[in-house]
Amino acid sequence: MSEIKALLEKYILHGKHRALIIYNDTTYILEKINQVVKLDVPNYGYLHIKYDGLDFLVNLVIGSIFANNNILTQGQSLPKNCVITLGDIARRADRLFVTFDVSNPEVVL
């Protein structure tokens, strides 16, 4: 039932989600359907995130890029809130971190 509830909420809120992405001193807001945010960091990797009205999807990923320490793959849906890491573990303290936070109106079922 919890999976059905989550799916219903997603469709009720179609196009009403908003992602806040913060990298260094730059803030990106992703809230329009088919909008893409491009996090291109030479020597680290390239990550393009697209909002399809229901989910925030990895549209392009090149390099070692992780969300909450899980490797990202193209087409994957991002978690609602996560830390995106650019660079593999071998970089140690030289890795880059991006915060990703999704908000939306509350749905009561």
By the ring-ring contact (aromatic ring centres under 6.0 Å, His included) test, which pairs, at least two apart or in different chains, include something from residues 13-45?
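Listed by first then second residue: His17-Tyr51.
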Return each pair, listed once, that meets ring-ring contact (aromatic ring centres under 6.0 Å, His included) where at least one residue sits in residues 64-109; pairs must be two or more places apart or across chains.
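Passing the test, one end in residues 64-109: Phe56-Phe100.
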Using atom types as modelled and distance alone, determine if a side-chain donor or acceptor of [X] lies under 3.5 Å from a backbone N or O of [Y].
X      : Y      : answer
Asn104 : Leu13  : no
Asp88  : Ala90  : yes
Asp55  : Leu57  : no
Asn81  : Val102 : yes

Within-4.5 Å side-chain heavy-atom neighbours: [X] and [Y]:
X     : Y     : result
Cys82 : Ile84 : yes
Ile49 : Val58 : no
His48 : Leu39 : no
Lys10 : Leu54 : yes
Asp52 : Ile33 : no

Which is it for Val83 and Asn69 under the side chain to side chain contact (heavy atoms under 4.5 Å, CB included) test, yes or no, and what are the steps along the way?
CA-CA 8 Å; Val83 174; Asn69 292 321; over 6 Å; no
Partner residues of Lys32 under the side-chain contact (heavy atoms from CB on, under 4.5 Å) criterion, sequence neighbours left out:
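Once residues adjacent in sequence are excluded, the partners of Lys32 under the side-chain contact (heavy atoms from CB on, under 4.5 Å) criterion are Gln35.
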Might you work through the side chain to side chain contact (heavy atoms under 4.5 Å, CB included) test for Asn34 and Lys50, ending with a clear yes or no?
CA-CA 6 Å; Asn34 293 323; Lys50 179 179 181 178; 3.3 Å; yes
How far does CG of Leu78 sit from CD1 of Ile21, to the nearest 0.5 angstrom?
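Going from CG on Leu78 over to CD1 on Ile21, the span is 8.0 Å.
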Between atom CG of Leu72 and atom OG of Ser64, what is the distance when rounded to the nearest 0.5 Å?
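Atom-to-atom, Leu72:CG and Ser64:OG are 10.5 Å apart.
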Taking salt bridge (Lys or Arg N to Asp or Glu O under 4.0 Å) as the test, write out the residues that go with Arg91, two or more places apart.
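Checked Arg91 against salt bridge (Lys or Arg N to Asp or Glu O under 4.0 Å); matches are Asp94.
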Starting from Tyr46 and following side-chain heavy-atom contacts under 4.5 Å between hydrophobic residues (I, L, V, M, F, W, Y), which residues can be reached?
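Listed partners: Leu60, Ile62.
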Given a cutoff of under 4.5 Å between side-chain heavy atoms of I, L, V, M, F, W and Y, with clusters grown through shared members, what are the other residues clustered with Leu20?
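So far as hydrophobic clustering goes, Leu20 is joined with Ile22, Ile29.
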Mind checking whether [X] and [Y] sit in one hydrophobic cluster, side chains of I, L, V, M, F, W, Y counted as touching below 4.5 Å?
X      : Y     : result
Val108 : Tyr11 : no
Ile4   : Ile12 : yes
Val107 : Leu8  : yes

Show your working on side chain to side chain contact (heavy atoms under 4.5 Å, CB included) between Thr85 and Ile65 and close with a plain yes or no.
CA-CA 6 Å; Thr85 306; Ile65 303 178; over 6 Å; no
For residues Gly45 and Leu86, report the shortest heavy-atom separation together with the two atoms involved.
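Here Gly45 and Leu86 meet closest at O-CD2, 4.2 Å.
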Does Arg95 have more than 12 heavy atoms from other residues, nucleotides or ligands lying within 6.0 Å of its CZ?
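Yes - once you tally the heavy atoms of other residues, nucleotides and ligands closer than 6.0 Å, there are more than 12.
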